[in-house]
Trainee: 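Below you will find the structure I want to go over with you.
Only heavy atoms go into these numbers, but all of them, side chains included; no hydrogens, no water, no symmetry mates. Quick caveat, the model's predicted, so the values are computed rather than measured.
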Amino acid sequence: MELLSGRRVIVDAERPPLDHAAVLVDGGVVVSVGPTAELVAAHPDVAHRAFPGATVLPGLVNAHVHLSFDVTGDPVPALRDADHDALRATIRANAAAVLAAGITTVRDLGDRDGLVAALRDDVASGAVPGPRVLTAGAPLTPPGGHCWFLGGVVGPDDVEAAVAARAAAGLDVVKVMASGGMMTPAGPGIADTQFDLPTLQRVVAAAREVGLPVAVHAHGTSSIAMAARAGADTIEHAGWYAPGGGRDPDDAVAELVAASGAVTVPTKFRGWPDWPDREEARARQRWADAHGIPVLLGNDAGAGQGRFDDLHEAMTWYVEVGWTPAQVLAATTCRSADALGLGEVTGRLRPGLAADLIVVDGDPLADVTALARLRLVHPGDRRG
């Protein structure tokens, strides 16, 4: 057992923090949370690590990463041509970078040959350090479609079998490419649709049969609408692109998404202070917020210049558009955990949950940049 104390403990980002509090941990699980003086008195023989002036809080969640992607260059050649040993080395290095940045849970939405699932299992067994991982394996895409080189190509008559195969392989989520994307320039464009609505509905229905959630890659407004109509659990990227270029933030589609129960995971944040369209982007996010569209934080790490050690740029972007630090923190801890089906595992510092926690200098409820000032990363029990 050990006791970790700070100036404050954030048990749940949607509730007030506890002042001068501590977390008692045993075997990677939270045992108790309360005033430091009381816990020290009750457990005098337990090792006590004190962090005066710091904040103890749940570890962060990145809801959209690609651990097998090499962020230092064009990831496509390696994904297409590299052998398994090379890809495993990339995955482990990226997982280490994630954990070192205080991100204790990730959802991987596209890799090759199930290698991220193998890492997930190694982490869960304690064989290697790393974040908790949810993984989709190879995303479903049509012949020549976006990210075809990951091995998830399906025809319209193959989707049920493909979903069943993912369940049989023990994957955690079904990823389907409803639109094209920039990493596959010879395929459909970023605003183009790749599957029709009946096919997407069949994917979702098949996933429901085997108890898996569905993440839909949808850059364009038309594909966002299809994802919502099909019953997607999460809508990835959600860039509101128009077919002829530019953006198309459609009020009717926004209302459809908000009513559907789907959660969006926008992913473009890198270098936002220097964006030439920064004001337009800020207005578009405020428009989405006004429609009540939920958001989880993810940065597409490995693709689109998203780094594995940097979720903080996304956090500062949402403060820029008007979110409070508490709202940002909730979207990277408790709300993400709930939306990804992990609310009874992580996302809060509650007795019985995994002791996924970090310690940072300062108060992230006053200034989210405090989350970059890490003092400690403590991954909890990975078996859940």
Trainee: Could you tell me which residues satisfy side chain to side chain contact (heavy atoms under 4.5 Å, CB included) with S179, sequence neighbours excluded, listed by chain and number?
Mentor: H217, H219, S223
Trainee: Treating R112 as the side-chain partner and G151 as the backbone partner, does any N or O pair qualify as donor plus acceptor under 3.5 Å?
Mentor: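 No.
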Trainee: With a 4.5 Å cut-off on side-chain heavy atoms, are L4 and H378 touching?
Mentor: yes
Trainee: Taking side chain to side chain donor-acceptor pair (under 3.5 Å) as the test, write out the residues that go with S260, two or more places apart.
Mentor: none
Trainee: Which hydrophobic side chains are connected to M182, either touching it within the sub-4.5 Å cutoff or through other members that do?
Mentor: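 Once heavy-atom contacts under 4.5 Å are chained together, M182 belongs with I190, Y241.
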Trainee: Could you tell me which residues satisfy salt bridge (Lys or Arg N to Asp or Glu O under 4.0 Å) with D121, sequence neighbours excluded, listed by chain and number?
Mentor: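 For D121 there are no salt bridge (Lys or Arg N to Asp or Glu O under 4.0 Å) partners, ignoring immediate neighbours.
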Trainee: If the test is side chain to side chain contact (heavy atoms under 4.5 Å, CB included), which one of D310, N299, V98 qualifies with I103?
Mentor: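 With I103 as partner, side chain to side chain contact (heavy atoms under 4.5 Å, CB included) holds for just one option, V98.
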Trainee: Salt-bridge test for R335 and D338: reply yes if a basic N is under 4.0 Å from a carboxylate O, no otherwise.
Mentor: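 Salt bridge absent between R335 and D338.
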Trainee: Is R120 salt-bridged to D108, cutoff N-O under 4.0 Å?
Mentor: no
Trainee: Walk me through whether R107 and D172 qualify under salt bridge (charged side-chain N to carboxylate O under 4.0 Å, His left out).
Mentor: CA-CA 9 Å; R107 186 177 57 148; D172 305 294; over 6 Å; no
Trainee: Using the salt bridge (Lys or Arg N to Asp or Glu O under 4.0 Å) criterion, which residues pair with R282? Sequence neighbours excluded.
Mentor: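 Expected list: E279, E320.
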Trainee: Report, one line per pair, each donor and acceptor closer than 3.5 Å where one atom sits in a side chain of residues 37-49; sequence neighbours left out.
Mentor:
| residue | atom | partner | partner atom | Å |
| --- | --- | --- | --- | --- |
| H48 | NE2 | S5 | OG | 2.7 |

Trainee: Has S336 got a side-chain atom pairing as donor or acceptor with T333's backbone, closer than 3.5 angstrom?
Mentor: no
Trainee: What I'd like to find out is whether the side chain of L115 reaches to under 4.5 Å of the side chain of S68, using heavy atoms alone.
Mentor: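 L115 does not reach S68 side chain to side chain.
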Trainee: Just distance, no hydrogens or angles: give the donor-acceptor pairs under 3.5 Å from side chains in residues 359-372, sequence neighbours left out.
Mentor:
| residue | atom | partner | partner atom | Å |
| --- | --- | --- | --- | --- |
| D361 | OD1 | R375 | NH1 | 2.9 |
| D363 | OD1 | L365 | N | 2.9 |
| D367 | OD1 | T369 | N | 3.0 |
| D367 | OD1 | T369 | OG1 | 2.7 |
| D367 | OD2 | T369 | OG1 | 2.8 |

Trainee: Other residues, nucleotides and ligands only: do more than 12 of their heavy atoms fall within 6.0 Å of CZ on R15?
Mentor: no
Trainee: In chain order, what residues pass the salt bridge (Lys or Arg N to Asp or Glu O under 4.0 Å) check against R208, with sequence neighbours excluded?
Mentor: D233
Trainee: Please identify each residue that fulfils salt bridge (Lys or Arg N to Asp or Glu O under 4.0 Å) with E313, with sequence neighbours left out.
Mentor: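 Residues passing salt bridge (Lys or Arg N to Asp or Glu O under 4.0 Å) with E313: R270.
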Trainee: Given side chains that start at C-beta, do those of I358 and L60 come closer than 4.5 Å, heavy atoms only?
Mentor: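 In short, these two side chains touch, coming nearer than 4.5 Å.
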Trainee: Between T184 and C147 (side chain of the first, backbone of the second, donor and acceptor by atom type, cut-off under 3.5 Å), is there such a pair?
Mentor: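 Yes, T184 side chain to C147 backbone: donor-acceptor pair under 3.5 Å.
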Trainee: Pair up each side-chain donor or acceptor in residues 27-35 with any protein partner under 3.5 Å, not counting sequence neighbours, and list the distances.
Mentor:
none

Trainee: Test: side chain to side chain donor-acceptor pair (under 3.5 Å). Region: residues 152-162. Which pairs qualify, not counting sequence neighbours?
Mentor: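 Side chain to side chain donor-acceptor pair (under 3.5 Å) check on residues 152-162 returns E160-R202.
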Trainee: Could you check whether W317 and W323 have their ring centres less than 6.0 Å apart?
Mentor: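 Not under 6.0 Å, so no.
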Trainee: Has the side chain of R286 got a donor or acceptor atom that lies under 3.5 Å from a matching backbone atom of V321?
Mentor: yes
Trainee: Distance-only, no hydrogens or angles: does the K175 side chain make a donor-acceptor pair with backbone N or O of A136 under 3.5 Å?
Mentor: no
Trainee: Do you reckon V265 sits in the same ILVMFWY cluster as V295, going by side-chain contacts under 4.5 Å, direct or chained?
Mentor: no
Trainee: Any chance you could pull the hydrophobic cluster mates of V216, using side-chain heavy atoms under 4.5 angstrom and chaining through other members?
Mentor: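 Via sub-4.5 Å side-chain contacts, V216 links to L140, V154, V159, V163, V174, V176, F195, L197, L200, V203, V204, V210, L212, V214, M226.
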Trainee: Quick one: does F69's side chain get under 4.5 Å of D111's, heavy atoms only?
Mentor: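 No; the side chains remain at least 4.5 Å from each other.
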Trainee: Going by an N to O cut-off under 4.0 Å, is there a salt bridge joining R8 and D19?
Mentor: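 Salt bridge: no.
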Trainee: Less than 4.0 Å between a side-chain N and a carboxylate O, is that true for R132 and D356?
Mentor: yes
Trainee: Identify whether L311 and V106 are in the same connected component of the hydrophobic contact network (ILVMFWY, side-chain heavy atoms under 4.5 Å).
Mentor: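 Per the 4.5 Å side-chain linkage, L311 and V106 are co-clustered.
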